[in-house]
Amino acid sequence: MKVSLIIPTVLAAHGYRKQSLSLSGSITAFIVGVLTFSAPLKTFGITMIVFYLVCSRATKVGKSIKEKLEDGHHEAGRRDGYQVLSNSLAAVIATSIWAACFTSSSLHATIATFLFGNNYTGWNQSVPDFDGYEWCAVDPIVANGWSRALVLTALGQFACCCGDTLASELGILSKSPPVLITNFKRVPPGTNGGLSAMGTAASVLGGTIVGLTMAVALIFENTACVAMLPSLGKLILLGAFAGGLGSLIDSLLGATVQRTRYSTKTKLILQDHQKLAAGSETEIKVISGLNLLTNNQVNVVSSILTALLLGWCF
């Protein structure tokens with residue numbers, strides 16, 4: 001239990017100290033971290049660490065360039081609690097349900113018992129508590145596939161968000177301008193819904209890293225999974241698929257239901273929240289999208305759709 005408190009504390013404090021997280025972001029990250037790292041299947045926590053480190057590094061690489069392309073990017077750089085949840089909601093829910101259903105002594109089971117009584121374990125009474133030896137968490141025969149579905153849901157969330165982050169932060173390094181996903185016309189770098197070859201490759205790479213992390217973690221942690229190496233290899237392919245698909249869903253939503261504004265004076269993309277100075281309306285051009293969803297909301301929708309697709313279709 002100590003590790004499940006120490007690691008989230010270190011990560012949340014590190015993010016706050018480096019100004020990548022606001023106060024609400026660091027508090028939310030701590031809660032999400034505790035729920036993830038206290039799960040008996042440590043693969044969830046290991047995957048989250050790699051996801052955090054990869055995305056943090058990618059964000060650092062793209063930050064200086066984005067500041068030259070997006071007006072107000074520096075001020076919007078600290079992630080708040082809502083942004084943290086938008087990148088972890090489906091995964092932390094899947095992790096919590098898995099832990100509550102497959103380990104009766106877990107923190108999650110205690111919370112579930114307090115909230116719902118013992119009814120939540122009714123479909124799982126024939127499965128022994130997870131101990132890392134008797135059964136593999138991605139074995140499709142365990143609990144009629146529920147364990148596998150929940151693990152893949154977490155994989156889908158992290159792969160989607162990692163892929164989207166790498167596409168956003170590294171795609172802008174492309175020497176050729178992106179094209180809008182809906183009509184393939186060239187648009188300024190940083191446009192919501194813009195696609196580039198480098199960004200697409202980066203999204204697949206991000207998902208592949210997450211899938212590989214989860215597969216390796218399962219092999220070292222869960223000895224019963226060693227006999228399922230071919231199946232674990234599929235996690236890498238599913239991670240790559242989720243990374244690429246999640247980024248495409250995000251781009252499609254970004255191009256249609258998220259407005260992108262461009263200043264013809266400063267030649268910069270404006271942030272969602274950014275207010276216009278009096279008299280500057282004539283200098284602003286709407287490149288694409290309706291003003292229905294913010295960037296955070298697009299991230300939530302795309303990551304949940306990808307997580308559910310991966311969890312319940314594969």
Side-chain angles (χ1 to χ4, degrees), residues 1-61 63 74-115 130-132 137 150-151 153-155 157-162 164-166 169 206 209-210 212-214 216-218 220-222 296 299-300 303 307:
M1 187 64 179
K2 290 182 179 179
V3 173
S4 66
L5 288 175
I6 293 173
I7 295 179
T9 300
V10 171
L11 293 179
H14 177 267
Y16 186 74
R17 183 171 61 86
K18 292 293 185 179
Q19 296 189 337
S20 61
L21 294 175
S22 66
L23 179 59
S24 67
S26 62
I27 293 173
T28 304
F30 172 77
I31 295 172
V32 168
V34 169
L35 290 174
T36 303
F37 286 100
S38 61
L41 184 64
K42 300 308 177 185
T43 295
F44 292 122
I46 294 171
T47 303
M48 174 174 276
I49 290 178
V50 173
F51 164 75
Y52 172 80
L53 294 177
V54 170
C55 290
S56 295
R57 183 59 183 171
T59 300
K60 183 178 294 186
V61 171
K63 181 180 179 181
H74 179 72
E75 290 79 6
R78 302 188 72 174
R79 295 177 180 268
D80 57 22
Y82 187 82
Q83 289 173 303
V84 171
L85 277 180
S86 71
N87 284 280
S88 60
L89 183 61
V92 75
I93 290 176
T95 299
S96 297
I97 294 175
W98 190 96
C101 291
F102 295 106
T103 307
S104 59
S105 60
S106 67
L107 169 66
H108 313 76
T110 301
I111 295 174
T113 300
F114 175 78
L115 294 175
F130 176 77
D131 60 5
L150 291 168
V151 172
T153 297
L155 170 61
Q157 163 88 65
F158 288 132
C160 170
C161 293
C162 189
D164 181 58
T165 299
L166 264 62
E169 303 296 342
I209 291 173
V210 172
L212 177 62
T213 299
M214 185 165 280
V216 172
L218 282 169
F220 280 94
E221 176 190 4
N222 192 183
N296 291 334
N299 289 339
V300 170
S303 62

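For this chain, numbers begin at 1 and follow the sequence in order. Note: hydrogens, waters and symmetry copies are ignored here, and every other heavy atom, side chains too, is used.
The CD1 atom of I209 lies 12.5 Å from the OG1 atom of T47; values are rounded to the nearest 0.5 Å. For the atom pair OH (Y52) and CG (L11), the distance works out to 5.5 Å, reported to the nearest 0.5 Å. Atom CD1 of I7 and atom CD1 of I46 lie 8.5 Å apart (nearest 0.5 Å). In this structure, the separation between OG on S56 and CD on E169 is 10.5 Å, given to the nearest 0.5 Å. Here the straight-line distance linking atom CG of L41 with atom CZ of F102 works out to 10.5 Å at 0.5 Å rounding. Between the CZ atom in F44 and the CG atom in L218 there is a gap of 8.5 Å [rounded to 0.5 Å].
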Start with the C-alpha gap between L166 and V54, add the side-chain angles, then the distance that decides, and say whether side-chain contact (heavy atoms from CB on, under 4.5 Å) holds. CA-CA 8 Å; L166 264 62; V54 170; 3.7 Å; yes

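For the side chain to side chain donor-acceptor pair (under 3.5 Å) test, residues two or more places apart in sequence or in another chain that qualify with T43 are E221. Residues passing the side-chain contact (heavy atoms from CB on, under 4.5 Å) test with F220 are V216, sequence neighbours excluded. Under the side chain to side chain donor-acceptor pair (under 3.5 Å) criterion, S24 pairs with S22, sequence neighbours left out. By the side-chain contact (heavy atoms from CB on, under 4.5 Å) test, V92 is found to be paired with V32, L35, T36, S96, residues two or more places apart in sequence or in another chain being considered. Take F130 and apply the ring pair (Phe, Tyr, Trp, His ring centres under 6.0 Å) test, not counting sequence neighbours, and it matches W98, W135. Under the rule for a side-chain contact (heavy atoms from CB on, under 4.5 Å), the partners of S26 that lie at least two apart in sequence or sit in another chain are A12, Y16, L21, L23. For S106, the side-chain contact (heavy atoms from CB on, under 4.5 Å) test picks out P40, A99, T103, H108, A109, with sequence neighbours left out.
When all heavy atoms are compared, the tightest approach of C162 to F51 is N-CE1, 3.5 Å. Between T95 and A154, the closest heavy-atom pair is OG1-CB, 4.5 Å. Heavy-atom minimum distance, Q83 versus N87: O-ND2, 3.0 Å. S303 and C161 make their closest contact through CB-SG, 3.7 Å (heavy atoms, listed as atom of the first residue, atom of the second, distance). Annotation for G45 and F37: closest pair O-CE2, 3.3 Å, computed over non-hydrogen atoms.
The main-chain N or O of A90 is found under 3.5 Å from a side-chain atom of Q157 such that the two form a donor-acceptor pair.
Using a 4.5 Å heavy-atom cutoff, the side chains of F30 and L5 are in contact. Inter-residue side-chain proximity for I49 and L53 is flagged as met; some heavy-atom pair is nearer than 4.5 Å.
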